Amino acid sequence: MKKIISRHSENISLGAVIIVLFAVFSVMQPNMMTAFNIKNILVQVSLTAIAAAGMTFAYTAGVFDMSIGSILALVSVVVARVATAAGLFPAILAAFAIAVMVGIINGLIVTKLQIQAFAATLVTMILIRGIAVLLANGADVPLYSMTSVKFISSGSVAGIPFPILLTILVYACAYFIYHATAFGMKIRSVGSNADASRISGIKTNRMIVAAFVLTAVTAVFSSLIKTAQVMFGKATIGEDFALDVMTTVILGGTLITGGKGNLTGTLIASILIAVIKNGLNINNVNSYYQQLVIGVILIFALVVNGIKTMKNEKQIRREG
């Protein structure tokens, strides 16, 4: 029992923080505890949590994607443009096709051109956002005539909101891939030691490209939910999305140096971020201060992550 608690201590700690914060916010504003607000929190969790699942694979492989917010915007505009012209299903197919293409491009820039992931995806972030603005002609693309789109954000199945079901499905698939397939093992291996993985026969470049593709694909789900909420294709959405996703993944316990991910921690951290944002919103705290809070949380998560990385390296040296 002690070993189980020790192994999951980070997740347990995050869960305890959620309970304490929720209780504090509820005392400050009783509306926090209503069934409507709790459902709203869980729906908002899906926006960050789904994309963070893909980013967990990227961090585990030793890379990350700064362009994820711009992917959100590009997908939003493309879905709105294609849906109004050809229908929702072709629009969703187009969104996933674009995400796969962007993921491959990001991966090839990093692996073939040997450019650091931060610099590479920072450039593509700007380019993709520019493309989204051009496709939108500098304005929002309305989706009012596509009532079926609204189901993605506010529909339900057996009384459970669709975004929550989608989050559960994504994490079930992600957990299986990460822990029960050769692909998951190879991703962890590449992040732990790329050179050793290459020598052992793992195609490291292919794994890194796949990690970028996974990140972009999960961003599509988040974009669909956000677009359905506002019923517009917006080139301006997702401007702070990369910060939220990165904070969630790092706070969840995934090592920024690669090799070790924590999908359960990512999901719990996404709930924590959603509770904080909701609590600040319901108490009428300015959005600028909210971003300041998220920034402070990111700094804290980076410090904790750095300490964990040093301990991990010391353990490896001792075992070696």
Side-chain angles (χ1 to χ4, degrees), residues 40 43-55 65-106 121-156 161-167 169-170 212-245 274 277 281 287 291:
N40 183 52
V43 169
Q44 291 305 309
V45 163
S46 64
L47 285 168
T48 306
I50 292 175
M55 189 72 85
D65 190 352
M66 290 289 294
S67 70
I68 191 168
S70 295
I71 295 172
L72 211 74
L74 179 59
V75 166
S76 179
V77 174
V78 167
V79 166
R81 286 287 186 203
V82 177
T84 52
L88 182 57
F89 185 67
I92 293 175
L93 288 180
F96 280 110
I98 288 172
V100 170
M101 183 173 65
V102 170
I104 291 172
I105 290 171
N106 279 336
T121 58
L122 186 63
V123 171
T124 56
M125 175 187 77
I126 297 169
L127 290 174
I128 294 167
R129 180 75 65 177
I131 293 170
V133 172
L134 286 174
L135 286 176
N137 292 324
D140 295 341
V141 183
L143 271 166
Y144 293 136
S145 61
M146 301 294 298
T147 54
S148 56
V149 175
K150 201 65 182 172
F151 177 82
I152 298 173
S153 65
S154 57
S156 62
F162 181 73
I164 297 174
L165 288 176
L166 190 57
T167 303
L169 179 61
V170 167
F212 276 112
V213 170
L214 264 176
T215 303
V217 166
T218 51
V220 172
F221 292 111
S222 297
S223 183
L224 288 172
I225 294 169
K226 185 64 178 179
T227 302
Q229 285 179 338
V230 299
M231 289 301 284
F232 277 103
K234 296 177 72 72
T236 55
I237 66 169
E239 291 179 336
D240 300 315
F241 193 65
L243 174 64
D244 289 347
V245 171
K277 284 190 170 186
N281 270 328
S287 60
Q291 284 306 119

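Note that the coordinates shown come from a computational prediction; the quantities given were computed from them, not determined experimentally.
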ask   = Under the side-chain hydrogen bond (donor to acceptor under 3.5 Å, both in side chains) criterion, do Asp244 and Thr48 qualify, and how do the steps go?
value = CA-CA 7 Å; Asp244 289 347; Thr48 306; 4.9 Å; no
key: Shortest non-hydrogen contact from Phe241 toward Gly69   = CB-CA, 3.9 Å
ask   = Looking at Thr218 and Thr215, what are the two nearest heavy atoms and their distance?
value = OG1-O, 2.9 Å
inquiry  = Donor-acceptor check, side chain of Thr227 to backbone of Leu224, threshold 3.5 angstrom: yes or no?
reply    = no
ask   = Are Val75 and Lys226 close enough that some pair of their side-chain heavy atoms sits under 4.5 Å apart?
value = no
ask   = What heavy-atom pair brings Gly155 and Pro163 nearest, and what distance separates the two atoms?
value = O-CD, 4.3 Å
task = Determine yes or no for a side-chain-to-main-chain donor-acceptor pair under 3.5 angstrom, with Ser223 supplying the side chain and Ala219 the backbone.
result = no
key: Which atom of Ser153 lies closest to which atom of Val43, heavy atoms considered   = O-CG1, 4.2 Å
request  = Determine, step by step, whether Val149 and Val79 satisfy the side-chain contact (heavy atoms from CB on, under 4.5 Å) criterion, reporting the C-alpha distance in whole Å, the side-chain angles of both residues, the deciding distance to 0.1 Å, and the verdict.
outcome  = CA-CA 10 Å; Val149 175; Val79 166; 5.8 Å; no
query = How long is the gap from OG on Ser154 to CZ on Phe162, to the nearest 0.5 Å?
reply = 11.0 Å
inquiry  = Hydrogens and angles aside, do Thr124 and Asn106 bring a side-chain donor and acceptor to less than 3.5 Å of each other?
reply    = yes
Leu72 side, atom CG; Ile128 side, atom CD1 - distance, nearest 0.5 Å = 11.5 Å
ask   = Distance-only, no hydrogens or angles: does the Lys150 side chain make a donor-acceptor pair with backbone N or O of Gln229 under 3.5 Å?
value = yes
task = Nearest 0.5 Å please: distance from the CG atom of Asn137 over to the CZ atom of Arg81.
result = 5.0 Å
message = Using every non-hydrogen atom in the two residues, find where Asp65 and Met55 come nearest and quote the distance to one decimal.
response = O-CE, 3.2 Å
inquiry  = Assess the residue pair Phe212 and Ile104 against the criterion (side-chain contact (heavy atoms from CB on, under 4.5 Å)); give the C-alpha distance rounded to whole Å, side-chain angles, the decisive distance to 0.1 Å, and a yes or no.
reply    = CA-CA 7 Å; Phe212 276 112; Ile104 291 172; over 6 Å; no
message = Heavy-atom count check: over 12 atoms from other residues, nucleotides or ligands less than 6.0 Å from Phe151 CZ?
response = yes
key: Sidechain-backbone polar pair: Ser46 side chain, Ile164 backbone, donor-acceptor under 3.5 Å   = no
Working for side-chain contact (heavy atoms from CB on, under 4.5 Å), residues Ile225 and Ile50 = CA-CA 10 Å; Ile225 294 169; Ile50 292 175; 4.0 Å; yes
Separation of Thr121 OG1 from Ile105 CD1 (nearest 0.5 Å) = 13.5 Å
request  = Kindly compute the distance separating CG (Leu127) from CD1 (Ile131), expressed to the nearest 0.5 Å.
outcome  = 6.5 Å
key: Point-to-point distance, once rounded to the nearest 0.5 Å, from CZ of Arg129 to CG of Leu74   = 9.5 Å
note = Scanning both residues in full, the closest heavy-atom pair of Val45 with Ala274 reads CG2-CB, 3.4 Å
